[in-house]
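Just below is one structure, and these are the notes that go with it.
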4 protein chains.
Amino acid sequence: MQPKVRSDDLTFTEAARRKQIVAAAIDTIAEVGYTKASFAKIAQRAGLSSPSLISYHFADKDELIGQVVAEVCAAGGEVVRPHADPAASSSDTLRAYVEGSIAFYDTHRRHLRALMQILNGHPHARERWVNAANSAELDSIEQLLARGQRDGEFRSGFAPHAVAMILRDLLAGALLRLLGTPDLDVSAYTRELVALCLHSVEPVS
Amino acid sequence: MQPKVRSDDLTFTEAARRKQIVAAAIDTIAEVGYTKASFAKIAQRAGLSSPSLISYHFADKDELIGQVVAEVCAAGGEVVRPHADPAASSSDTLRAYVEGSIAFYDTHRRHLRALMQILNGHPHARERWVNAANSAELDSIEQLLARGQRDGEFRSGFAPHAVAMILRDLLAGALLRLLGTPDLDVSAYTRELVALCLHSVEPVS
Amino acid sequence: MQPKVRSDDLTFTEAARRKQIVAAAIDTIAEVGYTKASFAKIAQRAGLSSPSLISYHFADKDELIGQVVAEVCAAGGEVVRPHADPAASSSDTLRAYVEGSIAFYDTHRRHLRALMQILNGHPHARERWVNAANSAELDSIEQLLARGQRDGEFRSGFAPHAVAMILRDLLAGALLRLLGTPDLDVSAYTRELVALCLHSVEPVS
Amino acid sequence: MQPKVRSDDLTFTEAARRKQIVAAAIDTIAEVGYTKASFAKIAQRAGLSSPSLISYHFADKDELIGQVVAEVCAAGGEVVRPHADPAASSSDTLRAYVEGSIAFYDTHRRHLRALMQILNGHPHARERWVNAANSAELDSIEQLLARGQRDGEFRSGFAPHAVAMILRDLLAGALLRLLGTPDLDVSAYTRELVALCLHSVEPVS
DNA sequence: AATGAATGAGTGTTCATTCAT
DNA sequence: AATGAATGAACACTCATTCAT
């Protein structure tokens, strides 16, 4: 509580310190999990002289974690979501979405591992920070599928909402795989994943 | 380290106590998460007089958690794995495997929530307790897929290993969905999921 | 939170430890004040090996403080309150009440110093622990004064409620004096105080 | 210890800043108590950019608190003390002293609440800052009482010193009452209080 | 004259574990 | 077989104060 009269504009050094701490927090959480990621460990990783320096820059642990989540979401913001380009075919949009997601997961494993740890360790993380984004993403997929059905590009025998969920869950499962299998052949995995997705929605013959 | 080092000669009461404690641990972990599931809370839920009773019956927390994982795996052991009945078609086997898995997840949410919490909270849970089982399951799927391809029942254009992983991950994602969506329409979800799986492997015709 | 399944019956040793800790808390609070009376200092004074032993025996600081207040109130319970003995004259009852209060303050300075520190340092102490007792005491005085007026023993020109408050406040002031003046001539003080009280309520003649 | 050691040559701005800080300290202490009145809270209330500004203007917390006490005492300096006007009767002087004190308490509750908090929270406040003033006040009362006795205006049966103390304590108790009872009927209370004081010292007739 | 950044001791509380009984 | 008592490290967080600028 010491500093901050809350001037919503941050000093240069302040901003830098916060970034540094958030980065160290991401690494620490990714490595030891949310609940074991104490200020002491984070401070040590950041090379700070004392854990209290974190308390100095963040109101409490929740604010720090919130920043971590924000950082991760910012990184994936534009990528992880089907881009509704009317010019592109639904198939291509779907393919781009799946490929983009996996690529993002692949290049941001540390971020996403931290995010998963937070989601599992923090009692209110989901409702507070990611539920909204998830719903939006789900809607985007559903609309994409519905469009594909309307255009006759996708088979009409499935319920867009249920399949959207399944596709989303498929990506969630893929993320788990990626995080748990450091030496995964990502391009092969992606290739088959895309093929599977497309096969599963395309007309039967 | 007062109690048994060997697990062979467990007293009857000893075995009963351990089961009781493991059950309480599952409930507690499912409810509050692995890291917040202290001996105190587990003992309270089990109606024990003191947390030290847990230390008395288990060498340390890791042994208890190991037993919890074992219990959960035992519950799902026979179910969660494609049953290679040579008489059945590959499609039907696959369908049975997927449906069986989801059904098991649905009826054992508490167990699986606990398991997920442990996998996410314990630094070495995966390598120590579940990697082997996962590999075995993965192999079963892969063999099923290969058989289907050999028999011409499945399209031949995919790599059995990669697709096996993806199917496995799809189920992992489904589990996450189930745990996070208490009021999910499970039968609709299952129906679409099975359809998607079959579509994705069947010949293009 | 560690122990206690809350069996409302205390072990012998448990009860002894709690008494010991409460006693050390009283001494510590009396000496350094409520807010500076940390578990560390209390534990040190009680000769405990660690502050956490206090947390082991009391749910939190509030429970400990509550016990301290209870102990002090128990000590003064019967004393500090006018005893409505119908056989005694109102004057004698009043005299006994005032003398008894002062005597109690005198012999329990440490307890009362601790109580005052708590009342001043704890945000909710008054409403939680002593308001009820205070009101009851005030009522007793008021009734005594009213009786004295009815019997013609006291002059009729005062409002019993207001004067009851003033008498109560007079004792509060006396307590402050006693606590602030270790070498006070208590018997002289008491003598004059009683005289003053009686003079102030007796008929003008 | 960067700033002034001497208090003679205070810059104009310096003096203004100190006043501002002292005022904020009074409000803060009155509201949250001495021990919880951190530099951070005081600085925030004063609209300062940083708690360190307080350290800059005051050697340490004690110096600030000393100034707070001085400010409060200055406010009540002339009021709270019987004014030995030889022309007035002792009764009237006494009445004026009591009425004036209560009136002052009533109109300066915030100041006096802060003062009480300090006296109760600071280990050496009394001896360091107020004992002298209290003794002086006590002497004044004692002399007034003695004069009244000499003049035959007061009954001769009491010890001026002891009764002076008691009157002083009565006012202390009244202050506590005032601070603890925001909606007290002050004029009724004062009326009875004055009556009680006069009755208690006047001749029995 | 002022300030943002930093510091390290201190706060109450939780924890898995030990040990004598 | 079981238990109440105890322990000390760890936790997030607050504090008055220092210091370079």
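Small disclaimer: the values here were computed from a predicted structure and weren't measured. All heavy atoms count here, side chains included; hydrogens, waters and symmetry mates do not.
- If D:Arg17 and A:Leu53 are placed on DNA chain E by their nearest nucleotide, the residue sitting closer to the 5' end is D:Arg17.
- Using a 4.0 Å cut-off between charged nitrogen and carboxylate oxygen, C:Arg18 and C:Glu63 count as a salt-bridge pair.
- Screening residues 113-130 of chain B for salt bridge (charged side-chain N to carboxylate O under 4.0 Å, His left out), with sequence neighbours left out, gives B:Asp62-B:Arg128.
- Atom CD1 of B:Ile26 and atom CD1 of B:Ile21 lie 12.5 Å apart (nearest 0.5 Å).
- Comparing E:dA6, F:dT3, E:dT3 by their nearest atom to the side chain of D:Tyr56 picks out E:dT3.
- To the nearest angstrom, P of E:dT11 lies 13 Å from OH of C:Tyr34.
- Computed from coordinates, the D:Ile54 CD1 to E:dT3 P distance equals 12 Å when rounded to whole Å.
- In this structure, C:Leu64 and C:Ile42 have side chains that are in contact, with non-hydrogen atoms separated by less than 4.5 Å.
- Not a single side chain to side chain donor-acceptor pair (under 3.5 Å) links C:Ser38 to another residue, sequence neighbours left out.
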Where do N or O atoms of nucleotides 9-11 of chain F meet protein N or O atoms at under 3.5 Å, pair by pair?
from	atom 1	to	atom 2	distance (Å)
F:dC11	OP1	A:Ser38	OG	2.9

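- Across the protein-nucleic acid pair, C:Ile21 atom CD1 and E:dG12 atom P stand 13 Å apart, rounded to whole Å.
- B:Leu48 places its CG atom 15 Å from the P atom of F:dA1, with the value rounded to the nearest Å.
- Applying a 4.0 Å cut-off to non-hydrogen atoms, none of the residues of residues 114-130 of chain A approaches DNA chain F.
- A:Glu14 has its CD atom 5 Å from the P atom of E:dA5, to the nearest Å.
- The phosphate of F:dA2 (OP1 or OP2) has a side-chain N or O of B:His57 nearer than 4.0 angstrom.
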Under the rule of Watson-Crick or G-U wobble with both distances under 3.5 Å, where | means paired to another strand and [ ] a crossing pair, DNA chain F maps to .||||||||||||||||||||
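- Counted by atom type alone, A:Ser50 and A:Ser52 present one or more donor-acceptor pairs between their side chains at under 3.5 Å.
- Side chain of B:Glu71 to backbone of B:Gln67: no donor-acceptor contact under 3.5 angstrom is found.
- Applying the side chain to side chain donor-acceptor pair (under 3.5 Å) rule to A:Asp27 yields the partners A:Arg110; only residues at least two apart in sequence or on another chain are considered.
- Applying the salt bridge (charged side-chain N to carboxylate O under 4.0 Å, His left out) test to every pair with at least one member in residues 48-59 of chain D, sequence neighbours left out, gives no pairs at all.
- Contacts of C:Arg17 classified as side chain to side chain contact (heavy atoms under 4.5 Å, CB included), with partners at least two apart in sequence or in another chain: C:Gln20, C:Leu48, C:Leu53, C:His57.
- Atom P of nucleotide F:dC15 and atom CD of D:Gln44 are separated by 11 Å, given to the nearest angstrom.
- The shortest distance between the side-chain N/O atoms of A:Thr13 and the OP1/OP2 oxygens of E:dG4 is not below 4.0 Å.
- Listed by first then second residue, pairs satisfying salt bridge (charged side-chain N to carboxylate O under 4.0 Å, His left out) with a partner in residues 32-50 of chain A read A:Glu31-A:Arg45, not counting sequence neighbours.
- A straight line from CD1 of D:Ile42 to P of F:dC15 spans 11 Å, rounded to a whole angstrom.
- Rounded to an integer number of Å, the gap from A:Arg18 CZ to E:dG4 P is 15 Å.
- Judged as a ring-ring contact (aromatic ring centres under 6.0 Å, His included), the pairs with a partner in residues 111-131 of chain D (not counting sequence neighbours) are, in order, D:Tyr34-D:His122, D:His108-D:His111, D:His122-D:Trp129.
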